[in-house]
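Along the sequence shown, the residues carry numbers beginning at 1.
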Amino acid sequence: MVDIRLASEVPLFDIVADSTEPKHLVTPGSLITKETGFMRGHGTYMQEDCLYASVAGVVERVNQLISVRPLKSRYHGEIGDVVIGRITEVSQKRWKLDTNARLDSVLLLQSVNLPGGELRRRSAEDELSMRQYLKEGDLVSAEVQNIFNDGALSLHTRSMKYGKLSQGCLVKVSPSLIRRQKTHFHNLPCGASIIMGNNGFVWICPTLHEDTAGGFVQNLETVPQADRQAISRLRNCVAALAQCKMMIYDTSIMHAYDASINAGFEIKDLLLPDRITEIALMVRKQFEMEKE
């Protein structure tokens with residue numbers, strides 16, 4: 001059996017998930033304002049009493065401060081952000097993680113819950129056992145606790161919902177596409193859970209349950225085929241939304257998931273460029289119908 005697909009004209013459209021997304025985009029050298037009295041922020045420069053953009057991005061104004069947030073850049077963390085990182089080094093009383101930031105993030109031994117959620121002073125024995133808890137290559141969900149003077153992030157996993165990740169799929173997207181929400185942990189109705197890190201790392205896994213092991217115990221049981229298929233379809237939906245520069249959050253992901261099923265697309269079809277465009281069109285149409 002041969003799959004033959006004919007090329008067709010794809011309508012041009014501006015993919016915008018909803019009206020709350022920023023639309024004031026500028027390119028390097030664009031004039032932002034000729035008015036005086038504004039303070040120059042990041043991504044801008046002054047020339048002949050006019051304010052210009054030095055990067056491509058979205059103009060943001062806070063009182064009299066005008067700055068340009070780049071559309072594509074390294075992750076700049078804020079306190080309270082949910083992040084997903086990969087352990088790159090185990091050193092004295094701390095782990096270093098790759099969190100898609102300019103510098104490696106730091107997870108101190110005193111900033112994690114010990115196995116079983118035990119709360120006590122960390123000892124030399126705990127320091128010797130660090131590699132048993134987390135080692136190089138492990139994926140970890142954490143929260144930004146502090147920002148050092150050099151811009152590196154200090155993380156913590158003191159809540160039971162944070163900790164080592166296992167049996168799932170990691171998708172890397174631009175941090176600017178992750179919508180900031182009240183919670184970044186979602187149990188989706190399709191039978192999978194998703195963690196959307198503010199740093200652009202999205203983790204898709206079987207449905208999460210309450211963990212009382214302090215975030216270090218990995219569940220290595222066999223994942224049912226139906227769950228694996230749901231995870232694979234969600235992964236391709238997230239990648240499709242990212243490729244079309246659409247905001248990624250639980251609602252947009254589920255719209256893309258439902259649209260792919262209603263259209264009869266197989267999981268592998270979601271990797272094709274024309275299918276990706278069709279999914280984006282259907283998601284956009286769904287948002288427009290909800291507005292009405």
Participant: If two hydrophobic side chains count as joined below 4.5 Å and joins carry through other members, does M254 share a cluster with I261?
Facilitator: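 M254 and I261: one cluster.
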Participant: Drop me the distance from L134's CG to L109's CG, to the nearest 0.5 angstrom.
Facilitator: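 One gets 10.0 Å once the value is rounded to the nearest 0.5 Å.
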Participant: Could you measure the distance from the SG atom of C50 to the CD atom of E35? Nearest 0.5 Å is fine.
Facilitator: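 Answer rounded to 0.5 Å: 10.5 Å.
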Participant: Excluding sequence neighbours, so at least two apart, what forms ring-ring contact (aromatic ring centres under 6.0 Å, His included) with H255?
Facilitator: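 Partners of H255 by the ring-ring contact (aromatic ring centres under 6.0 Å, His included) criterion, ordered by chain and then number, come out as F287.
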Participant: Which heavy atom of C244 sits nearest a heavy atom of I276, and at what distance?
Facilitator: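 In terms of heavy atoms, the two residues are closest at SG-CG2, 3.7 Å.
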Participant: Counting neighbours of CD on E125 that are heavy atoms of other residues, nucleotides or ligands and sit closer than 6.0 Å, is the number greater than 12?
Facilitator: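 Not more than 12 within 6.0 Å, no.
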Participant: Quick one: which residue pairs count as a side-chain hydrogen bond (donor to acceptor under 3.5 Å, both in side chains) with a foot in residues 220-244, not counting sequence neighbours?
Facilitator: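 Found R233-S260.
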Participant: If you look at every heavy atom in A259 and I279, which pair is closest and at what distance?
Facilitator: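 Here A259 and I279 meet closest at C-CD1, 4.2 Å.
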Participant: Could you give the distance from NZ (K164) to CD1 (I87), rounded to the nearest 0.5 Å?
Facilitator: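 Between K164 NZ and I87 CD1, I get 9.0 Å after rounding to 0.5 Å.
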Participant: Considering only heavy atoms from C-beta outward, does the side chain of Y133 approach that of D126 to under 4.5 Å?
Facilitator: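 In contact.
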Participant: Kindly list each side-chain donor-acceptor pair under 3.5 angstrom involving residues 146-156, sequence neighbours excluded, with atom names and distances?
Facilitator:
from: D150; atom 1: OD1; to: A152; atom 2: N; distance (Å): 3.1
from: H156; atom 1: ND1; to: R158; atom 2: N; distance (Å): 3.2

Participant: Going by the rule side-chain hydrogen bond (donor to acceptor under 3.5 Å, both in side chains), which residues pair with S129 if we only count those two or more places apart in sequence or in a different chain?
Facilitator: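 Applying side-chain hydrogen bond (donor to acceptor under 3.5 Å, both in side chains) to S129 gives none.
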Participant: Say whether, by atom type as modelled, one donor and one acceptor occur between the side chain of S252 and the main chain of M247 under 3.5 angstrom.
Facilitator: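 Checking the backbone N and O of M247 against the side chain of S252, a donor-acceptor pair under 3.5 Å is found.
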Participant: State yes or no: do V173 and L241 share one hydrophobic cluster built from I, L, V, M, F, W and Y residues joined by side-chain heavy-atom distances below 4.5 Å, directly or via other members?
Facilitator: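 Looking at the clustering, L241 is in the same group as V173.
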Participant: Can you list the steps and then say if W95 with V112 is a side chain to side chain contact (heavy atoms under 4.5 Å, CB included)?
Facilitator: CA-CA 11 Å; W95 294 271; V112 303; 3.9 Å; yes
Participant: Got more than 12 heavy atoms from elsewhere within 6.0 Å of CE, M289?
Facilitator: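 No, CE of M289 has 12 or fewer neighbouring heavy atoms, counting only those of other groups under 6.0 Å.
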Participant: Checking H186 against Y249 for the side chain to side chain contact (heavy atoms under 4.5 Å, CB included) test, could you report, in this order, the C-alpha distance in whole Å, the side-chain angles of both residues, the deciding distance, and whether it holds?
Facilitator: CA-CA 10 Å; H186 298 277; Y249 55 109; over 6 Å; no
Participant: With clusters defined by side-chain heavy atoms of hydrophobic residues (ILVMFWY) lying less than 4.5 Å apart, directly or transitively, does L270 cluster with I253?
Facilitator: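 Both belong to a single hydrophobic cluster.
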Participant: Could you tell me the separation between the CG atom of L177 and the NZ atom of K245, rounded to the nearest 0.5 Å?
Facilitator: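 So the CG of L177 and the NZ of K245 are separated by 7.0 Å.
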Participant: Less than 4.5 Å apart, side chain to side chain, heavy atoms only: is that true for L108 and Q145?
Facilitator: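 L108 vs Q145: side chains apart.
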Participant: Can you name the residues that form a ring-ring contact (aromatic ring centres under 6.0 Å, His included) with Y45, not counting sequence neighbours?
Facilitator: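 If we apply the ring-ring contact (aromatic ring centres under 6.0 Å, His included) test to Y45, skipping adjacent residues, the hits are Y52.
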Participant: If we ignore hydrogens and angles and just use 3.5 Å, is the side chain of R122 paired with the main-chain N or O of A124 as donor and acceptor?
Facilitator: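 No, because the side chain of R122 does not come within donor-acceptor range (under 3.5 Å) of the backbone of A124.
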Participant: Identify every side-chain donor-acceptor pair in residues 190-206 under 3.5 Å, counting partners at least two apart or on other chains, and give the distances.
Facilitator:
from: S193; atom 1: OG; to: N187; atom 2: OD1; distance (Å): 2.3
from: S193; atom 1: OG; to: L208; atom 2: N; distance (Å): 2.8
from: N198; atom 1: OD1; to: V82; atom 2: N; distance (Å): 3.0
from: N199; atom 1: OD1; to: I84; atom 2: N; distance (Å): 3.4
from: N199; atom 1: ND2; to: I84; atom 2: O; distance (Å): 2.7
from: N199; atom 1: ND2; to: T99; atom 2: O; distance (Å): 3.1

Participant: Cluster question for you: counting only ILVMFWY and a side-chain heavy-atom cut-off of under 4.5 Å, with indirect links fine, are M282 and L271 together?
Facilitator: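 No: no chain of side-chain contacts under 4.5 Å links M282 to L271.
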Participant: Residues in side-chain hydrogen bond (donor to acceptor under 3.5 Å, both in side chains) with R102, at least two apart?
Facilitator: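 Once residues adjacent in sequence are excluded, R102 has no partner under the side-chain hydrogen bond (donor to acceptor under 3.5 Å, both in side chains) criterion.
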Participant: Would you check, one step at a time, whether the test side chain to side chain contact (heavy atoms under 4.5 Å, CB included) holds for V68 with V58?
Facilitator: CA-CA 5 Å; V68 177; V58 180; over 6 Å; no
Participant: Mind checking side-chain contact (heavy atoms from CB on, under 4.5 Å) for Q92 and listing every partner two or more places apart, or none if nothing turns up?
Facilitator: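 So Q92 forms a side-chain contact (heavy atoms from CB on, under 4.5 Å) with E127.
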Participant: With side chain to side chain contact (heavy atoms under 4.5 Å, CB included) as the test, would you mind laying out the steps for Q181 and D250 before giving the verdict?
Facilitator: CA-CA 10 Å; Q181 296 178 282; D250 56 325; 3.0 Å; yes
Participant: If you measure from CD1 on I66 to CG on L51, what distance do you get to the nearest 0.5 Å?
Facilitator: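 If we round to the nearest 0.5 Å, I66:CD1 and L51:CG are 5.5 Å apart.
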Participant: Could you tell me which non-hydrogen atom of V55 sits nearest to which non-hydrogen atom of P70, and how far apart they are?
Facilitator: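 What the structure gives for the nearest pair is CG2-CG, 4.2 Å.
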Participant: Just to verify, what does R131 make a side-chain contact (heavy atoms from CB on, under 4.5 Å) with, not counting sequence neighbours?
Facilitator: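 For R131 the side-chain contact (heavy atoms from CB on, under 4.5 Å) partners, ignoring immediate neighbours, are V90, K135, E136.
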Participant: Quick test of your reading of the model: are R275 and E278 salt-bridged, counting only N-O distances below 4.0 Å?
Facilitator: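 Looking at E278 together with R275, the answer is yes, because their closest N to O distance falls below 4.0 Å.
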Participant: Can you list everything that forms a salt bridge (charged side-chain N to carboxylate O under 4.0 Å, His left out) with E143? Sequence neighbours excluded, please.
Facilitator: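 Salt bridge (charged side-chain N to carboxylate O under 4.0 Å, His left out) check on E143 returns nothing, list empty.
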Participant: With rounding to the nearest 0.5 angstrom, report the OH to OG distance, Y162 to S111.
Facilitator: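 Y162 atom OH to S111 atom OG measures 13.0 Å (nearest 0.5 Å).
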Participant: If the condition is salt bridge (charged side-chain N to carboxylate O under 4.0 Å, His left out), which residues does E89 pass it with, not counting sequence neighbours?
Facilitator: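 Salt bridge (charged side-chain N to carboxylate O under 4.0 Å, His left out) list for E89, sorted by chain: empty.
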Participant: For T36, what residues pass the side-chain contact (heavy atoms from CB on, under 4.5 Å) criterion, not counting sequence neighbours?
Facilitator: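 Checked T36 against side-chain contact (heavy atoms from CB on, under 4.5 Å); zero matches.
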Participant: Mind checking whether I79 and V83 sit in one hydrophobic cluster, side chains of I, L, V, M, F, W, Y counted as touching below 4.5 Å?
Facilitator: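 The answer is yes; both residues are in one hydrophobic cluster.
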